[in-house]
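Keep in mind that what you see is a predicted model, and the values were worked out from it rather than measured. Throughout, residue positions are numbered sequentially from 1 according to the sequence presented.
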Amino acid sequence: MKVCILTHLHVYRSMLRAFQRYWESEHPKNEIRMRKVFDIATIHKFERHLLERMLKLNTMSTYLRMLRAVYNRALLAGLTGYVPGLFKHVYTGTRADVKRALPPAEMGQALDISASLHRELKEAQIWFALLFLLRGMPFADLARLRKCDFKDGVITYRRQKTGRQIRVHVTEEAAELIRRCADRRTDSPYLLNILGDENCRFPLGRREEYRHYQQVLRRFNRKLKLLAAALRLGGKLSSYVAKHNAFAI
């Protein structure tokens, strides 16, 4: 639950930074004021600003929905007035038409652990393969698996996002990959050596731990892009691709 709260805080901060960039471009000498923000013209201009920055529609929609949530809270607190149809004509939906799954042949290449690769790309490939083999497990959950979660060929854990308990039967292939990237330090709670940096050990749910995880995730996705280039894949690789391919089979 703490991780879920921190995730929402991260999204709110990203939205706020985007809005500050917009405001400074439009009003370089004026401070942001609540009643000036929640104005139909301002909301429309902010949406246009996001479009001009070439943000994906789902990202743009997320920022506008976060801003709408701030408006609703400000309205309840009496910090701003009611504006009919304030978010009616801006995009706050979601698009599911972008296919993240790779074609079977390219997915086979991405999962071919026998391929000769640089050590860091090989590590990223193993993590990617585990995401796929463990039923499309989210990277946030894979990184935070504990040693006590893996017992008798089964991983039992709770989703970071929802708190729902999940049981995954581990195949021999997945078990071998877990052994290859296991965190072997006796004082570390982690099953895998993903968040196990000697200088970055923070309790789960702490703000520092979440920031460290975000850094690891960004490095992982950068390595996956390099992996896709090294394997000459036509499609893109990211931490989401393994999930979508796992659900596609």
Quick one: closest heavy-atom pair of [X] and [Y], and the distance?
| X | Y | result |
| --- | --- | --- |
| Leu231 | Gln109 | O-NE2, 3.2 Å |
| Phe46 | Met15 | CZ-O, 4.5 Å |
| Ile113 | Ala129 | CD1-CB, 4.1 Å |
| Gly234 | Glu106 | N-OE2, 2.9 Å |
| His49 | Ala18 | NE2-O, 4.0 Å |
| Leu227 | Leu121 | N-CD2, 4.0 Å |

[atom2] on [Y] to [atom1] on [X], rounded to 0.5 Å:
| X | Y | atom1 | atom2 | answer |
| --- | --- | --- | --- | --- |
| Asn72 | Phe38 | CG | CZ | 8.5 Å |
| Trp127 | Leu130 | CH2 | CG | 10.5 Å |
| Leu142 | Leu131 | CG | CG | 5.0 Å |
| Tyr91 | Met60 | OH | CE | 7.5 Å |
| His44 | Arg48 | NE2 | CZ | 10.0 Å |
| Tyr22 | Lys45 | OH | NZ | 5.5 Å |

Just wondering, do [Y] and [X] contact through their side chains at under 4.5 Å, heavy atoms?
| X | Y | answer |
| --- | --- | --- |
| Arg146 | Leu191 | no |
| Phe150 | Tyr157 | no |
| Val90 | Leu64 | yes |
| Leu145 | Ile155 | yes |
| Val216 | Ile194 | yes |
| Thr156 | Asp149 | no |
| Leu67 | Tyr63 | no |

Heavy-atom donor-acceptor pair, Gln125 side chain to Asp112 backbone, under 3.5 Å: yes

Of all pairs that satisfy salt bridge (Lys or Arg N to Asp or Glu O under 4.0 Å), the ones with a partner from residues 114-134, not counting sequence neighbours: Glu123-Lys223

In short, salt bridge (Lys or Arg N to Asp or Glu O under 4.0 Å) pairs touching residues 166-182 with sequence neighbours left out are Glu176-Arg179

Using the test side-chain contact (heavy atoms from CB on, under 4.5 Å), find all partners of Lys147 that sit at least two apart in sequence or belong to another chain. Ser188

Suppose we screen for side chain to side chain donor-acceptor pair (under 3.5 Å). Which residues come up paired with Arg17, at least two apart in sequence or across chains? Ser14

Applying side chain to side chain donor-acceptor pair (under 3.5 Å), can you list everything that pairs with Arg222, at least two apart in sequence or on another chain? none

According to a hydrophobic-cluster definition based on side-chain heavy atoms being under 4.5 Å apart (Ile, Leu, Val, Met, Phe, Trp, Tyr only), do [X] and [Y] belong together?
| X | Y | result |
| --- | --- | --- |
| Ile166 | Leu133 | yes |
| Met66 | Leu16 | no |
| Met34 | Ile32 | yes |

Does Cys181 form a side-chain contact (heavy atoms from CB on, under 4.5 Å) with Leu192? I'd like the steps, not just the answer. CA-CA 6 Å; Cys181 63; Leu192 305 173; 3.7 Å; yes

Pairs under 3.5 angstrom only: tabulate donor-acceptor contacts from the side chains of residues 78-88 to other protein residues two or more places apart or in another chain.
none

Classify the ring geometry between His27 and Trp23 as parallel (under 30°), tilted (30 to 60°) or perpendicular (over 60°). tilted

With no hydrogens and no angle check, just 3.5 Å: does a side-chain donor-acceptor pair link Ser25 and Arg21? no

Looking at Tyr190, is Arg144 sitting on its ring face, NZ or CZ under 6.0 Å from the six-membered ring centre and within 45 degrees of the normal? no

Please lay out, stage by stage, how Phe128 and Leu111 fare under the test side-chain contact (heavy atoms from CB on, under 4.5 Å). CA-CA 8 Å; Phe128 178 81; Leu111 297 173; 4.1 Å; yes

